[in-house]
**Student:** 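Handing you this structure, nothing more for now.
Chain letters run A, B, ... following the sequence lines, proteins first and then strands; every chain starts at 1. As the structure is a prediction and not an experimental result, all values here were calculated from the model.
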Amino acid sequence: MPTHALLELREISKVFGETVALAPTSLTISQGSFVAIVGPSGCGKSTLFNVIAGLLKPDAGEVRLGDSVVTGATGHVGYMLQKDLLVPWRTVIDNITMAARLTRRVTAEDREEARRVAEQYGLGEFLRHYPSALSGGMRQRVAFMRTLVTHQQLLLLDEPFGALDAQTRLEMQQWLLQVWRDTDRTVLFITHDVDESIFLSDRVIVMSPRPGRILADFANPLPRPRTVADLTNPTFIELKSRVMSLLHGSNA
Amino acid sequence: MPTHALLELREISKVFGETVALAPTSLTISQGSFVAIVGPSGCGKSTLFNVIAGLLKPDAGEVRLGDSVVTGATGHVGYMLQKDLLVPWRTVIDNITMAARLTRRVTAEDREEARRVAEQYGLGEFLRHYPSALSGGMRQRVAFMRTLVTHQQLLLLDEPFGALDAQTRLEMQQWLLQVWRDTDRTVLFITHDVDESIFLSDRVIVMSPRPGRILADFANPLPRPRTVADLTNPTFIELKSRVMSLLHGSNA
Amino acid sequence: MKRGLLFNLVVPLVSLGLLLLVWQAIVVVFNVAPYVAPRPLEAIQSVTGNWSILWPLILGTVRETVYGFFCGAALGLLLGVAMAKIPFVQQLFYPVVLVSQAVPIIALAAPLVLILGFSITPKVVIVAWIVFFPVTVNVLDGLNHVDQDLVSLARVYGASRWRTFVLIEIPATSSPLFSGLKIGAMYAVTGAIIGELAAGDGNSLALYQEHANANLNTAAVYGTTIVMTIIGIAWFLLVVGVEIWATPWQRRTVARRGLRHRGRGGARLLDGANIGARST
Amino acid sequence: MKRGLLFNLVVPLVSLGLLLLVWQAIVVVFNVAPYVAPRPLEAIQSVTGNWSILWPLILGTVRETVYGFFCGAALGLLLGVAMAKIPFVQQLFYPVVLVSQAVPIIALAAPLVLILGFSITPKVVIVAWIVFFPVTVNVLDGLNHVDQDLVSLARVYGASRWRTFVLIEIPATSSPLFSGLKIGAMYAVTGAIIGELAAGDGNSLALYQEHANANLNTAAVYGTTIVMTIIGIAWFLLVVGVEIWATPWQRRTVARRGLRHRGRGGARLLDGANIGARST
Amino acid sequence: SGAFASGASLKPVTFAYDFPGPDFELIPLVVAQDQGYFKAQGLNVTVKFPPDTSTTTKMLTTNAAQFGFITTTDMGVAVNAGAPVLSVANYSMSNNWALFAKPGTSLSAAALHTTLKGKKIFSYGDTWTESMLPFVLKYAHLTNSQVKIITDPTGNDLTDLLAGRVNFSTSTTNYEIAGFDGSKVKGHLSELLGTAAGAPNIPIWVYAVTKSYAAANPSTVKAFLAAVKLGTEWAVKNPTKAASEFDKAYPRSGYTNAYNLTGWRLTVPFLTNSSGQYFTQTNAQWSTLAHALKSISLISKVSPPSAYYTNKYQPKG
Ligand SMILES: Nc1ncnc2c1ncn2[C@@H]1O[C@H](COP(=O)(O)OP(=O)(O)OP(=O)(O)O)[C@@H](O)[C@H]1O
Ligand SMILES: Nc1ncnc2c1ncn2[C@@H]1O[C@H](COP(=O)(O)OP(=O)(O)OP(=O)(O)O)[C@@H](O)[C@H]1O
Ligand SMILES: [Mg+2]
Ligand SMILES: [Mg+2]
């Protein structure tokens with residue numbers, strides 16, 4: 001498995017009032033990997049992301065990115081949620097360059113890059129459209145491009161396709177894999193969909209119910225590139241049944 | 001397979017302006033069966049339901065329920081959508097008895113039955129709560145109970161669990177199967193999730209892209225009762241791969 | 001909630017108290033003559049000291065305000081429903097409704113009195129004229145935004161149009177309806193005062209004020225202004241109270257007699273206005 | 001869209017035309033004396049025939065309306081933002097803001113003139129007094145409903161509070177902001193007229209009307225009322241126009257110079273009010 | 001002061017009218033301005049209009065204006081309220097307040113009881129009408145409850161009268177008849193002067209200043225009154241020209257020239273007393289007024305006449 005640690009969480013924990021959202025958790029993510037996180041609702045997955053992104057200060061522990069400690073600081077990750085959070089008053093190209101606009105002046109290069117990315121990944125015709133004109137899948141693609149052009153090495157995707165229907169979702173997954181291959185980023189990907197977690201990742205992390213901690217950390221042996229056929233491939237099914245039995249316990 | 005035809009569609013078709021939403025389609029559903037319908041977005045699944053429910057008049061064809069023709073008439077099915085459509089200003093019990101209230105006076109028996117159903121299926125404590133106090137899964141359960149107490153033999157469920165996260169969804173599927181077994185209804189169930197369609201049904205109908213028509217009609221050999229383990233059962237996987245290859249064509 | 005309620009009753013009172021303090025300070029510091037502007041206490045005493053005279057006048061103003069409010073609310077509701085249900089009515093009436101509000105109401109009072117005579121009617125009409133507008137606009141908007149899937153569902157169940165309207169569409173519009181009513185309530189008393197000035201039978205709060213003014217009894221002028229404002233605020237708060245009572249699902253988890261409360265208010269335009277009924 | 005536009009321009013005009021017809025019919029059928037109510041044409045002629053006299057007065061009223069509108073809008077925006085951002089300010093000011101609107105504005109004009117003198121200032125203040133309220137309430141409500149996940153996302157990107165406010169929160173509030181502005185615009189002219197009655201240099205549209213009334217020149221009274229109403233409507237429509245221009249995403253698929261349009265309006269309280277800009 | 005003052009050294013003073021807008025009773029001031037009488041007296045006069053009729057007094061006491069035009073009732077009320085104001089000259093010398101009825105209605109003092117009984121009488125709610133009406137009702141042997149008094153400060157009595165909403169209106173003859181002429185209704189309004197039916201014949205309008213201003217600027221007050229007197233006399237002699245000057249000064253007032261001219265002509269007869277004098281005030285007028293105001297409880301105490309007025313700033317002759 002990969003060689004160089006990009007992100008390192010050391011004994012992160014977080015409590016909200018009486019709710020222990022995150023039990024002390026450590027995790028190391030290597031550069032360029034695609035790591036999926038699954039776990040029951042309310043187990044602290046989003047809390048984990050918020051801590052990494054700097055939106056929440058952990059009660060204890062340290063977040064290291066590359067060589068620096070970034071606990072509680074912002075501005076060092078790309079972030080994307082189930083809600084696309086596109087702003088309706090900006091065109092597609094302006095939504096893609098939004099991170100730049102929020103921190104500095106948008107340059108011609110920013111726009112050029114946004115255009116290039118949009119064209120490359122099938123939204124070239126929609127640059128001047130407003131988000132309201134796009135389908136759910138297209139909107140999530142724009143949201144992802146916006147995340148991409150932040151040039152952050154680490155991308156946190158929190159159920160990005162959770163609101164899409166199954167077929168669109170499958171298309172988006174394939175699209176995401178293509179983009180990831182092209183752009184050499186490190187992805188942390190939260191999902192409730194076990195198929196999705198396996199289809200996309202190098203590594204599947206399963207979390208326990210609240211208070212959240214890491215139950216298991218599976219390497220995903222499925223070769224790349226992957227196609228829809230892999231969803232019924234025995235290697236896939238085997239990993240799926242292991243993950244499901246952890247998630248659903250005696251039910252399985 | 002079942003013996004007595006409850007619903008019969010004869011060469012139903014529907015055009016919206018220039019969009020052929022539904023090519024002439026015939027379908028027979030036997031009493032007590034659980035039939036899943038899958039198909040790409042926009043292929044006319046919801047249109048089909050609207051025609052059956054009487055919300056839309058088909059351009060041609062006939063809808064027969066039992067011995068009578070009900071084309072264009074309403075009041076003869078239970079109907080449920082992805083949106084739970086609970087009314088926020090009524091308590092759970094009043095939401096469950098809503099169909100009665102909409103057509104006549106709500107009787108003590110109606111309320112008694114609603115209470116019984118709610119208690120039986122795990123919502124007994126929430127009878128006097130407003131929907132805003134419930135989780136997504138609980139809301140869908142209330143919506144389903146509301147559909148149930150209409151005492152319609154035929155229930156049309158249009159992606160009822162589409163908005164729920166994967167784990168809640170799995171719970172709801174098991175719950176639905178239990179209720180269905182208890183109450184002896186006929187269910188038509190639209191979904192985009194192939195796993196779901198197979199996990200639930202006796203029969204999986206696959207529709208083509210627009211203009212929608214029936215591509216295939218698979219009998220589902222999976223024995224009942226079903227558990228989460230069935231999701232990785234070879235019979236299941238085989239049917240899944242057949243359905244997926246029809247849906248995703250050469251991709252698979 | 002307990003601290004919240006106290007807090008939410010105390011802070012408004014404190015801020016209104018501050019207002020009186022500022023007023024007092026200005027009058028004292030600039031040594032303003034009492035016939036130019038009174039001190040707050042004088043203004044209040046001019047009301048309490050003449051309570052037996054003022055009380056029937058206040059009742060009269062309240063009566064006009066309330067009647068006008070109900071007429072306006074009813075008209076507004078009716079018009080809103082008609083416009084939402086019949087596109088032609090909307091096309092035809094929307095411009096008229098808009099124009100009705102752009103007409104300076106004070107230019108309207110005199111002709112109304114001429115047409116309607118010196119009774120309570122023109123006052124009620126003026127109040128209704130002011131009140132109906134926010135109600136119509138909000139009801140129209142509210143009805144246009146009722147989830148059509150919910151309406152379809154009612155049809156699938158075999159509900160009549162009327163039952164669907166009463167059981168689904170009207171309750172679904174309660175929040176904008178109450179917003180409209182609250183705005184209307186706040187401005188209703190202004191309408192009543194304009195009407196009283198134009199259609200006096202010699203016995204009204206507005207005329208009392210006018211006479212006090214002619215009399216250089218500035219304390220009474222300010223005092224009656226305070227009274228008018230209180231009538232407006234009281235009526236507004238009453239509507240807020242009715243809303244809280246009538247829409248328990250906006251802030252409760254469990255139907256009444258339950259214990260837990262939710263912090264989310266549900267009103268729109270005047271969302272923040274539920275003084276004393278929000279938890280912070 | 002073409003048919004829609006035509007339709008949406010024609011129907012309001014037809015309905016206003018009908019209004020004039022009804023008026024004419026009443027006057028003719030009941031044989032109303034000219035000093036009681038003029039015929040529509042007489043009213044209009046009383047304006048066109050005195051255009052050179054009226055024009056500067058109209059300009060004056062427009063000036064007061066516009067200045068007051070901008071002051072009120074600015075104040076409303078500021079107050080709305082301050083109240084949304086600083087809970088203490090909201091607690092302190094909300095009651096005052098409410099009370100300010102319950103005060104009968106006509107009772108306020110005279111003291112204002114005494115304090116502010118006989119300049120344009122008291123008129124501007126009265127207009128602003130009316131305009132700021134819907135703006136404040138809508139901005140407050142709008143800002144309170146900005147998606148907090150969007151704000152968090154901006155923070156993740158490292159945006160400052162100020163940039164987040166300008167680039168995210170303000171545009172996200174544009175729809176309620178414009179609703180507030182439209183309501184304010186509609187009532188602004190009424191404020192100007194009240195102010196003119198109270199703070200004249202003897203040269204104003206309101207006084208002209210008052211004097212025409214004393215003269216029993218009822219045609220001029222009705223004529224000037226029409227003019228005032230037109231000022232109000234025109235200003236309202238201008239704000240609607242600015243909204244359409246400033247929020248193209250509400251009705252367009254593609255940024256300007258694109259071709260396709262969408263039918264959805266975005267404004268709230270006055271959603272239905274975008275005459276001439278909706279397709280049905 | 002006076003004759004040799006140049007433009008630069010003109011003393012600026014402000015005059016507050018009694019009504020929110022200008023009308024023909026302002027003609028003496030307009031003429032004094034137009035004919036240069038103020039300038040000749042070294043004054044630069046600005047005219048302001050109050051938000052309502054009772055604010056003129058407040059403008060004087062807050063020094064927003066130095067000279068004011070108010071009714072004698074306003075004066076009585078102001079003194080009663082402790083406002084340090086002083087009437088320095090009468091505007092009109094007698095009481096032209098009257099009852100009016102539609103053309104053709106018989107309206108005589110002798111038959112007043114039966115004429116008014118049970119009828120609707122319009123009042124603007126102004127203190128003058130409120131203090132005169134009791135005299136007339138008493139004269140007609142009527143109590144307040146035997147008539148219906150309609151009080152409508154924002155309405156128009158003539159419209160209501162002509163439209164039959166009320167049976168009688170009350171106003172001053174100059175305003176009422178000038179207004180009626182605008183209605184183009186045939187005939188003459190029936191009219192009964194209040195003084196013919198028990199109302200005291202006392203002046204309605206006066207020029208006022210504050211006591212402190214008069215004490216500190218006696219020559220300015222004198223100069224002002226001198227110029228106004230010249231203006232009045234000129235306007236009495238040249239009513240047509242005077243009305244045109246008003247039109248020129250206030251071209252956008254909303255009044256027609258006919259209204260202004262008629263109104264002014266109807267005002268002229270009331271400007272002088274029986275011996276042809278302008279301005280002169282008497283103890284009798286003020287004590288009659290004060291007692292009348294006291295009798296309707298508008299004021300709480302009757303002050304000596306000198307508390308209300310002085311003639312000492314008036315021009316000689
Ligand atoms: N700001 C907050 N204040 C209080 N409690 C919070 C807050 N954010 C999260 N929690 C609580 O912390 C726990 C973990 O929440 P979190 O959102 O991280 O779960 P999750 O694993 O992302 O769940 P889901 O799969 O439903 O998104 C939950 O019980 C939640 O209610
Ligand atoms: N009322 C309508 N007016 C016009 N076109 C409609 C209407 N309802 C549906 N359509 C069109 O008919 C087609 C079929 O729509 P339908 O909603 O039945 O698809 P669906 O299979 O349910 O899709 P999804 O999986 O996205 O729910 C679509 O192209 C849709 O745009
Ligand atoms: Mg989460
Ligand atoms: Mg569908």
**Student:** Measuring only between side-chain heavy atoms, which start at C-beta, is Y35(D) closer than 4.5 Å to V185(E)?
**Tutor:** yes

**Student:** What residue in G21(E), A258(E), P51(E) has the most heavy-atom pairs under 4.5 Å with chain D?
**Tutor:** P51(E)

**Student:** Going through the distances and angles, do D181(E) and L216(D) end up as a side-chain contact (heavy atoms from CB on, under 4.5 Å)?
**Tutor:** CA-CA 8 Å; D181(E) 284 357; L216(D) 285 197; over 6 Å; no

**Student:** Does a sphere of radius 6.0 Å around NZ in K241(E) hold more than 12 heavy atoms from other residues, nucleotides or ligands, not counting ones at 6.0 Å or beyond?
**Tutor:** no

**Student:** Go through K184(E), E176(E), M59(E) and name the one with the most non-hydrogen pairs under 4.5 angstrom from chain D.
**Tutor:** M59(E)

**Student:** Identify which of A163(E), S253(E), G263(E) forms the greatest number of heavy-atom pairs closer than 4.5 Å to chain D.
**Tutor:**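 The option with the most such pairs is S253(E).
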
**Student:** Report which part of Y17(E) has an atom under 4.5 Å of a heavy atom belonging to chain D: side chain, backbone, both, or neither.
**Tutor:**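 Contact with chain D: none, neither part.
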
**Student:** For chain D, which candidate among L162(E), D160(E), D52(E), T55(E) shows the most heavy-atom pairs at distances under 4.5 Å?
**Tutor:**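 That would be L162(E).
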
**Student:** What is the distance from atom OH of Y175(E) to atom CG of N215(D), rounded to the nearest 0.5 Å?
**Tutor:**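 The OH atom of Y175(E) sits 12.0 Å away from the CG atom of N215(D).
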
**Student:** Tell me, for T224(D) versus chain E, whether the close heavy atoms (under 4.5 Å) come from the side chain, the backbone, both or neither.
**Tutor:** neither

**Student:** Among T62(E), N156(E), T159(E), T256(E), which residue forms the greatest number of heavy-atom pairs with chain D at distances under 4.5 Å?
**Tutor:**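 Among T62(E), N156(E), T159(E), T256(E), the one with the most close pairs to chain D is N156(E).
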
**Student:** Which residue is it: L207(D), L197(D), V113(D)? I am looking for the one with a side-chain contact (heavy atoms from CB on, under 4.5 Å) to P20(E).
**Tutor:** L207(D)

**Student:** So what's closer than 4.5 Å to chain E heavy atoms on A214(D): side chain, backbone, both or neither?
**Tutor:**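 For A214(D), heavy atoms of backbone and side chain both lie under 4.5 Å from chain E.
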
**Student:** Less than 4.5 Å apart, side chain to side chain, heavy atoms only: is that true for D23(E) and H211(D)?
**Tutor:**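 Heavy-atom side-chain distance check fails, nothing below 4.5 Å.
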
**Student:** Using side-chain heavy atoms (C-beta onward) and a distance below 4.5 Å, is F19(E) in contact with E210(D)?
**Tutor:** yes

**Student:** Under 4.5 Å heavy-atom distance to chain E, tell me which part of I53(D) shows up: side chain, backbone, both or neither.
**Tutor:**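 Both parts, backbone and side chain.
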
**Student:** Could you tell me which portion of A220(D) (side chain, backbone, both or neither) has an atom closer than 4.5 angstrom to a non-hydrogen atom of chain E?
**Tutor:**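 Interface part for A220(D): neither.
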
**Student:** So with a 6.0 Å cut-off around CZ of F93(D), is the heavy-atom count from everything else above 12?
**Tutor:**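 For F93(D), atom CZ is not crowded (no more than 12 foreign heavy atoms under 6.0 Å).
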
**Student:** Can you confirm whether K120(E) is buried at NZ, in the sense that more than 12 heavy atoms of other residues, nucleotides or ligands lie under 6.0 Å from that atom?
**Tutor:** no

**Student:** Is there a side-chain contact between R252(E) and P56(D) in this structure, where contact means two heavy atoms from C-beta onward sitting under 4.5 Å apart?
**Tutor:** yes

**Student:** For chain E, which candidate among V36(D), N213(D), T218(D), N217(D) shows the most heavy-atom pairs at distances under 4.5 Å?
**Tutor:** N213(D)

